[in-house]
Colleague: 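Input: one structure, supplied below.
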Number of protein chains: 2
Amino acid sequence: MGRSDASELAQQLALRMAEYLRRSGLTVGAHLAEQQFADALKVSRTPVRRALAVLADMGVVVQEPNRGYFLRKIPAASVRPALAEGTGLSEERYLRIADDRLAGRIEDHVTETALMRRYAMPRRELQRVLHRMEKEGWVERKPGHGWMFAALPDSVEAHAQSYRFRMMFEPAALLEPGFRLVDSEVKRIRRDQQMLLDGGVHRLSRARLFELGSDFHNTVIGFSNNRFMIDAIQRVNAMRRLLEYRAHYDRERITGQCREHLHLLDLLEQGSRREAAEFMRKHLDVVREQKTGGGRSGNDALNTVTAQL
Amino acid sequence: MGRSDASELAQQLALRMAEYLRRSGLTVGAHLAEQQFADALKVSRTPVRRALAVLADMGVVVQEPNRGYFLRKIPAASVRPALAEGTGLSEERYLRIADDRLAGRIEDHVTETALMRRYAMPRRELQRVLHRMEKEGWVERKPGHGWMFAALPDSVEAHAQSYRFRMMFEPAALLEPGFRLVDSEVKRIRRDQQMLLDGGVHRLSRARLFELGSDFHNTVIGFSNNRFMIDAIQRVNAMRRLLEYRAHYDRERITGQCREHLHLLDLLEQGSRREAAEFMRKHLDVVREQKTGGGRSGNDALNTVTAQL
DNA sequence: TATTGCATTTTGTGCATTCAAGATACACAA
DNA sequence: TTGTGTATCTTGAATGCACAAAATGCAATA
């Protein structure tokens with residue numbers, strides 16, 4: 001499936017394009033201009049072309065001589081795993097290291113080559129992974145040689161921390177002066193959440209569920225146009241992925257969350273931003289309690305004083 | 001000054017050690033054990049030893065055969081520039097690129113080698129700089145070749161955004177359940193702020209003033225022990241350094257800020273965290289108005305709703 | 001006129017080698 | 001026993017070259 005000789009970038013692009021074709025309701029037979037994809041994906045036509053070749057191999061598009069590529073059939077959700085295979089290598093390694101670290105199988109201080117040996121990966125790739133982890137804030141280079149893992153709070157405490165943080169800034173994001181809904185995006189996340197309600201919750205993989213959930217918050221906070229908040233939500237999500245990847249997922253609860261997400265969108269589209277902000281806060285508070293086993297409110301001081309500020 | 005043959009790391013360490021010796025009131029003649037510094041600085045004894053050699057060259061410490069190094073005189077503030085010289089190269093380049101970009105002299109999309117040529121620096125170093133900028137969130141790798149600069153909001157708007165963000169989470173940080181003062185740190189920042197009031201404001205360089213200001217907030221937020229908030233304040237500071245580096249610095253206003261900082265510490269030491277949080281919010285609000293030219297409150301919705309939540 | 005197909009140029013990565021310098025181990029002095 | 005002096009081992013950065021593939025320019029075609 002999907003050309004083993006295609007470059008990694010091409011694989012990635014193929015995946016993203018398939019995703020795009022599936023979501024953005026184009027009709028079969030539509031002409032797919034190379035340059036447009038190139039611009040949208042911030043690359044040149046060359047890798048786009050390769051990606052289209054991959055998709056052609058899978059029967060998603062057809063190439064007509066001198067006329068380019070045309071959509072042949074809307075790609076099924078099943079193209080995902082097939083394509084992700086090619087791109088997943090590095091991701092897999094990332095997860096393996098993350099897993100080992102979270103399980104305490106890696107010391108606080110490690111040398112680069114020790115990791116290279118242990119995971120049998122070339123230095124370059126390891127460095128990429130480490131840089132990613134560094135960006136996510138849980139490893140640091142030591143001044144001299146080697147890397148240092150940050151002491152992670154246990155996962156319950158980490159969750160509690162992240163939700164307290166989110167309860168502060170996510171509602172605030174909705175009230176930013178620069179807040180502007182983008183219709184196409186609203187449509188997209190609304191459709192996703194609705195899809196989850198229509199059975200998706202039980203059908204999709206955990207990773208996918210996580211992705212859709214964080215994408216929702218990402219997108220909404222994105223409307224604020226405040227780069228600090230956008231940044232913050234992305235970092236929180238990165239950490240959450242780490243913590244929740246293997247955590248228990250209560251699918252019933254997700255259903256409830258989807259309803260709340262949809263309601264939030266309703267409020268925003270009505271222009272009731274204050275109500276929306278308040279609703280967001282409650283939404284997060286509920287999730288927090290679920291994740292952290294709750295107590296009754298976890299942080300009385302916070303709630304009280306938040307009421308004062 | 002200070003051994004041109006010392007490695008860069010050694011120079012850095014020498015700088016940090018000098019700083020430490022100056023602050024942490026050791027008495028002349030004190031024995032400086034290598035291993036302690038090594039542990040504190042997260043490196044092996046080798047570079048520490050080199051750094052000590054540098055400091056010996058400058059007359060700050062003396063080496064006695066088979067007994068190690070001893071403090072000879074408390075390093076004056078003037079050692080800073082002398083030592084920083086060695087470490088400043090990369091920093092200087094970083095600032096030059098940052099400057100060019102902020103002034104609009106660099107396009108949104110750039111290729112790596114184009115930058116290499118333009119700034120006449122080796123790839124490795126350029127990449128380090130770019131990675132740093134990436135961590136700070138204002139450049140990204142493109143999927144294929146090249147880098148892409150994020151569209152920065154103009155500096156007034158960026159300031160406004162950052163302060164709105166900070167007004168949300170900094171007060172909240174003071175109310176975190178895990179909030180614990182660390183006496184030695186409190187002492188340190190109190191002394192720094194006091195020093196500023198005692199004339200430092202007029203004596204020190206802008207860069208140094210900035211550093212002391214952000215160090216204050218860093219430290220205080222650090223007491224929260226909430227890694228998300230600690231992370232957030234660091235990112236905000238990185239961006240502020242960028243924006244303010246060349247900005248106008250009103251030294252009189254800084255005096256006022258120092259007083260507020262000291263008052264905040266008083267409140268915290270009395271255990272009045274709620275009052276402290278409220279005070280912090282006002283403190284930031286005042287600074288925000290100064291920086292952004294203000295209007296009367298910039299964001300009524302925020303203030304009002306904050307009052308509700 | 002816009003877009004494809006293809007050829008050419010340019011870029012950045014991979015890899016092997018080399019070397020400065022950071023980490024480590026151990027003998028010896030205080 | 002603790003900490004220095006020093007020799008040895010190991011690490012990771014620098015360098016140069018070859019190559020895959022991304023960017024770009026241009027003729028051909030709908």
Side-chain angles (χ1 to χ4, degrees), chain A residues 3 5-13 31-39 41-53 56 61-70 90 109-117 121-128 130 141-148, chain B residues 3 5-13 31-39 41-53 56 61-70 90 109-117 121-128 130 141-148:
Chain A
R3 292 205 166 190
D5 63 318
S7 72
E8 198 178 309
L9 177 57
Q11 291 272 343
Q12 273 177 39
L13 296 185
H31 181 211
L32 310 172
E34 292 174 357
Q35 190 61 55
Q36 282 179 11
F37 282 99
D39 291 345
L41 298 168
K42 302 270 165 58
V43 292
S44 73
R45 278 172 52 212
T46 310
V48 169
R49 171 169 279 268
R50 269 197 257 276
L52 282 168
V61 299
V62 264
Q63 179 176 27
E64 292 186 18
N66 287 323
R67 296 190 60 232
Y69 288 90
F70 296 83
S90 188
H109 297 260
V110 211
T111 190
E112 208 171 282
T113 36
L115 290 174
M116 279 174 61
R117 272 196 293 271
M121 56 204 289
R123 168 169 266 123
R124 205 67 151 119
E125 192 185 335
L126 176 67
Q127 284 184 336
R128 256 198 295 275
L130 287 171
R141 286 201 81 82
K142 288 204 282 181
H145 285 173
W147 296 77
M148 188 176 53
Chain B
R3 291 207 167 187
D5 64 319
S7 73
E8 199 180 308
L9 178 56
Q11 291 272 343
Q12 275 177 38
L13 296 185
H31 182 208
L32 310 173
E34 291 174 358
Q35 191 62 55
Q36 281 179 13
F37 281 99
D39 291 343
L41 298 168
K42 302 270 165 55
V43 292
S44 71
R45 276 172 52 209
T46 310
V48 168
R49 169 168 279 268
R50 269 196 257 275
L52 283 168
V61 300
V62 263
Q63 180 175 25
E64 292 185 20
N66 285 323
R67 298 191 59 233
Y69 288 90
F70 296 82
S90 186
H109 298 260
V110 212
T111 190
E112 208 171 285
T113 36
L115 290 174
M116 278 173 62
R117 274 196 293 270
M121 56 204 290
R123 166 167 271 123
R124 201 61 160 153
E125 193 184 335
L126 176 67
Q127 285 183 336
R128 255 198 297 274
L130 287 171
R141 286 200 81 82
K142 289 204 283 181
H145 284 172
W147 296 76
M148 187 175 56

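Naming: A, B, ... by sequence-line order, numbering from 1 per chain.
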Colleague: Rounded to whole Å, how long is the line connecting atom CZ of B:R49 with atom C1' of D:dT8?
Modeller: 15 Å
Colleague: For C:dG5, does OP1 or OP2 lie under 4.0 Å from any side-chain N or O of A:R50?
Modeller: no
Colleague: Using the side-chain heavy atoms of A:P47, tell me which of these nucleotides is nearest: C:dG5, D:dA23, D:dG12.
Modeller: D:dA23
Colleague: Would you check if the side chain of A:H109 reaches a backbone N or O of B:K42 as a donor-acceptor pair within less than 3.5 Å?
Modeller: no
Colleague: Give a yes/no answer on whether the side chain of B:R67 brings an N or O atom under 4.0 Å of OP1 or OP2 in C:dC28.
Modeller: no
Colleague: Rounded to the nearest angstrom, tell me the gap between atom CG in A:L126 and atom C1' in C:dG14.
Modeller: 15 Å
Colleague: Does B:N66 or A:A33 map to a spot on DNA chain C nearer the 5' end, using the closest nucleotide for each?
Modeller: A:A33
Colleague: Is the count of non-hydrogen atoms from other residues, nucleotides or ligands lying under 6.0 Å from B:Q36 atom CD greater than 12?
Modeller: no
Colleague: Confirm from the modelled atom types if A:R45 and C:dG5 form a donor-acceptor pair under 3.5 Å, side chain to base only.
Modeller: yes
Colleague: Nearest heavy atom decides the nucleotide; on that basis, is B:L32 or A:G146 closer to the 5' end of DNA chain D?
Modeller: B:L32
Colleague: Is A:Q36 close enough to C:dA2 that one of its side-chain N or O atoms is under 4.0 Å from OP1 or OP2 there?
Modeller: no
Colleague: Which of the following nucleotides, C:dG12, D:dA23, C:dG22, is nearest to the side chain of A:S44?
Modeller: D:dA23
Colleague: Round to a whole Å and report the spacing from CG of A:D39 to P of C:dA2.
Modeller: 14 Å
Colleague: Which is more 5' along DNA chain D, the nucleotide nearest B:E64 or the one nearest B:R124? Just name the residue.
Modeller: B:E64
Colleague: Check whether any side-chain heavy atom of B:E112 sits under 4.5 Å from a side-chain heavy atom of B:Q127, and report yes or no.
Modeller: yes
Colleague: Reading DNA chain C from 5' onward, which residue's closest nucleotide shows up sooner: A:Y69 or A:P143?
Modeller: A:Y69
Colleague: Side chain of B:R141 only, please: which of C:dG22, C:dT13, C:dG12 is the nearest?
Modeller: C:dT13
Colleague: Whole angstrom is fine here: how far is it from CG in B:L52 over to C1' in D:dT4?
Modeller: 12 Å
Colleague: Minimum heavy-atom separation for A:R67 to A:H31, with atom names?
Modeller: O-NE2, 3.1 Å
Colleague: Once you round it to whole Å, what is the distance between C1' of C:dT11 and CE of B:M116?
Modeller: 10 Å
Colleague: Out of C:dT11, C:dA23, C:dG12, which nucleotide sits closest to the side chain of A:H145?
Modeller: C:dA23
Colleague: Which nucleotide wins on minimum distance to the side chain of A:E34, given the candidates C:dA30, C:dG5, C:dG22?
Modeller: C:dG5
Colleague: Tell me: CE of A:M121 to C1' of C:dC15, nearest whole Å?
Modeller: 17 Å
Colleague: Indicate whether OP1 or OP2 belonging to C:dT4 is found under 4.0 Å from a side-chain N or O atom of A:Q63.
Modeller: no
Colleague: State which of C:dT13, D:dA23, D:dG5 makes the closest approach to the side chain of B:Q127.
Modeller: C:dT13
Colleague: Rounded to whole Å, how long is the line connecting atom NE2 of A:H31 with atom C1' of C:dA2?
Modeller: 10 Å
Colleague: Provide, to the nearest angstrom, the distance between the CD atom belonging to A:Q11 and the C1' atom belonging to D:dA22.
Modeller: 16 Å
Colleague: Does the base of C:dA21 carry an N or O that pairs as donor and acceptor with the side chain of B:T46 under 3.5 Å?
Modeller: no
Colleague: So if I take every side-chain heavy atom of A:T111 and compare against C:dG22, D:dT11, D:dA14, which nucleotide ends up nearest?
Modeller: D:dT11
